[in-house]
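One structure below.
Lettering of chains follows the sequences in order, A, B, ..., and the numbering in each one begins at 1. Here the structure is a predicted model, which means the values were calculated and not measured.
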2 protein chains.
Amino acid sequence: MLDLDTRKQEILKAVIHAYIHDAEPVGSERIAHRLRLHVSPATIRNEMAALEELGFLSHPHTSAGRVPTDHGYRFYVDTLVQQEPSAQERTRLRRFLAGGDEPGHIAEEVARALAVVTEYASVVTAPAPERQLFQHLRFIPLTSTKVIAVIVTDAGMVQGRAFDVQDPLEPGALDRLSRMVSQRLQGYALAEITEDLLAEMVDQAAWQHRILVEMLRWLRHRAPVPADRRVYIDGTANILKQPEFHDARTAQPVLSALEREEVLSDLLEVALGRQVWVTIGSEHRHEDLRGTTVVAAPYQMGGRPAGALGIVGPTRMKYGKVISLVRYLAGSLSEILTESP
Amino acid sequence: MLDLDTRKQEILKAVIHAYIHDAEPVGSERIAHRLRLHVSPATIRNEMAALEELGFLSHPHTSAGRVPTDHGYRFYVDTLVQQEPSAQERTRLRRFLAGGDEPGHIAEEVARALAVVTEYASVVTAPAPERQLFQHLRFIPLTSTKVIAVIVTDAGMVQGRAFDVQDPLEPGALDRLSRMVSQRLQGYALAEITEDLLAEMVDQAAWQHRILVEMLRWLRHRAPVPADRRVYIDGTANILKQPEFHDARTAQPVLSALEREEVLSDLLEVALGRQVWVTIGSEHRHEDLRGTTVVAAPYQMGGRPAGALGIVGPTRMKYGKVISLVRYLAGSLSEILTESP
DNA sequence: TATTAGCACTCCGCACAGGGGAGTGCTAAG
DNA sequence: CTTAGCACTCCCCTGTGCGGAGTGCTAATA
């Protein structure tokens, strides 16, 4: 099943290209014309019938042309597609990325850029803070019973939060505590800071037990803190431009799904171990997305996995362009994040 | 033009209610039935013709029923609509609001709640940090040439950022600087911290000139900083459920517009001075939103204006429900934000 | 003068039929 | 194995006709 002869491959590719191009079932004649093979439409028809038998193409009705199946697209992306982003797209993306000054917003910038360039929807996770390295902690006394804890990571991220302490604290003690914790946690990834690690310190400074415990909980459950593991999405309205989603009742479930953050995280998560990952139509775990294809790629920060970015579009997607673009952008982003902060 | 006799008002109201209910042009017979007035359809027809003359109703074609115009809706919301949220909706909203723990995410929670309850799209600005009061600043030395500045506001918001300093600094000097700036700026709203204010301090500590200037720029242009003046939107997919947006080509421009943050800010900005503000169809400045109605209301934090929230739906909107809901929620949010932090 | 019954008229929406066209699958010949 | 020829299928478009909803007008009524 996996070894199609060259001509079948060529024909499948041609059908897919034609269908991607104008969203209409393609007939044998178009293919015969398009492929500069010296074969007649009848031959093409035979081959197409075979491809249908194999599950790569399908038939809306008797006298219609062929349409690729998810299976066909899968074969296509696995073995047939290969393309680099054009120089034009590269510079366009570069310019987009260069524009962003505030590093906290890089994920949004990337999402916008992807959406504009591809004309599909784009999804980007912000660099995951759990992977960043702890660098510094400082307790700042606010009132006699209120303390602000501020954490700085190696990527320059600053996060803070207020804590209540039961006993009045003198500033000197807080400074000592700050220094102690800072030294102890130096170099750990945020995700690695566990209860045990803090427990050690509690021994040395019993009276601060409560604040340390609360801080730990903050560090770990900080889950929804601004600009955190948030997922940014942009260009969802682009989906409505696709003819397969011209009927709102088809598009509605898709857009609804894309409003749910867990769904988006799921989409990107599968890409984590790989270079680029494509999920096509029925391969989706989430039912409402069965009409779409997602192309996703992870990016790094200082060599460590930091997040992922992707594209959501119709299964009839410009795979060549999108895959190379996503790969390229993930690479660029990794570079930028590794150099700058 | 503004003094419609009572019967015309009743009829207009009935037409609008019927049309809101099932999105189809409404005829004289339906109204005659609905209104328990002892009048015949013919009389209703005469009245409706008059209302059309006055610009409150219109006619898709000769033999169709009547449809409200934007003008008709305007009159309706200005003088005819009045409704309080049902007890059921109140508790439902309360529960939603109670669920949120992290205060940084209140805007998102509210957006979600509004979208779920109304089944339209919702827009919420996060509490604007410019309005919060400066409470504390602390410089934290990272390396000999890198310093983190952390600001704490009265609302408990903590924001930080790294600065490069040209000359190596000793910690004692930084602490003194922290204390000095903290004292000086105490009680100012973030937006009130101007160049002049910092300039004073520069005299007293000439060598820190650069860091103060940079900090000022940070404070003022912090514009796109996480969880900032950001606008959250949710439930955009709900718009596709409305029959008037069943054609994707109608919905696409609307959803595209709602992806642009400036547009959303504009929508909410008009509400700022008022209690609730309704923008109907053609009243919109932004062309792509001419088919929609926006209901928006501002909310306060500790008595000071902090942000706004709103609903975007079709002009054929459940005005009674939505207006009261938005008003109610803005009030609740003000309370919550004023009590808790 | 306001209301109403009656009625002609308009126009939408739908069902139906028929023709053209695109594209297939089969068969038989090269 | 390829291909020309051909019958066949089914979509889609167009035109037609009809029922129904709803209007606007007119004339009669309270």
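Taking the C1' atoms of five terminal pairs at each end of the helix from C:dT1-D:dA30 to C:dG30-D:dC1, the two resulting helix axes are inclined by 30°, rounded to 10°.
For the side-chain hydrogen bond (donor to acceptor under 3.5 Å, both in side chains) test, no residue two or more places apart in sequence or in another chain qualifies with A:R290. When the ring pair (Phe, Tyr, Trp, His ring centres under 6.0 Å) test is applied to B:H17, the partners found at least two apart in sequence or on another chain are B:Y76. Listed by chain and residue number, nothing satisfies the side-chain hydrogen bond (donor to acceptor under 3.5 Å, both in side chains) test with A:T279 (two or more places apart in sequence, or in another chain). Legend: residues meeting ring pair (Phe, Tyr, Trp, His ring centres under 6.0 Å) with A:F245, ordered by chain and number and at least two apart, are absent. For B:D266, there are no side-chain hydrogen bond (donor to acceptor under 3.5 Å, both in side chains) partners at least two apart in sequence or on another chain. The side chain to side chain contact (heavy atoms under 4.5 Å, CB included) test applied to B:A237 returns A:Q252, A:L255, A:S256, A:E259, not counting sequence neighbours. Among residues two or more places apart in sequence or in another chain, the side-chain hydrogen bond (donor to acceptor under 3.5 Å, both in side chains) test is passed with A:N238 by A:K241. Every side chain to side chain contact (heavy atoms under 4.5 Å, CB included) that B:P41 has, sequence neighbours left out, goes to B:S28, B:A32, B:R45.
Taken residue by residue, residues 58-68 of chain A places heavy atoms nearer than 4.0 Å to DNA chain C at A:H59, A:T62, A:S63, A:A64, A:G65, A:R66.
Mapping heavy-atom proximity under 4.0 Å, the span of DNA chain C touched by chain A runs 5' to 3' from C:dA22 to C:dG25.
Among the heavy atoms of the strands lying under 4.0 Å from A:R7 are primed sugar atoms or P, OP1, OP2 only; no base atom is included.
For A:D22 and A:R316, the salt-bridge test fails: no basic side-chain N is under 4.0 Å from an acidic carboxylate O.
Whole-Å rounding puts the B:R30 CZ to D:dG20 P distance at 18 Å. Going from atom NE2 of B:H33 over to atom P of D:dA21 covers 14 Å, rounded to whole Å. Following rounding to the nearest Å, A:H38 (NE2) and D:dT3 (P) show an atom-to-atom distance of 7 Å.
For the pair B:T43 and A:V26, nearest-nucleotide mapping onto DNA chain C gives the more 5' position to B:T43.
Separating the OG atom in B:S282 from the CZ atom in B:R74 is a distance of 9.5 Å, to the nearest 0.5 Å.
Among residues at least two apart or in separate chains, side-chain hydrogen bond (donor to acceptor under 3.5 Å, both in side chains) pairs with a member in residues 47-62 of chain A are A:R7-A:E47, A:K8-A:E47, A:E52-A:R66.
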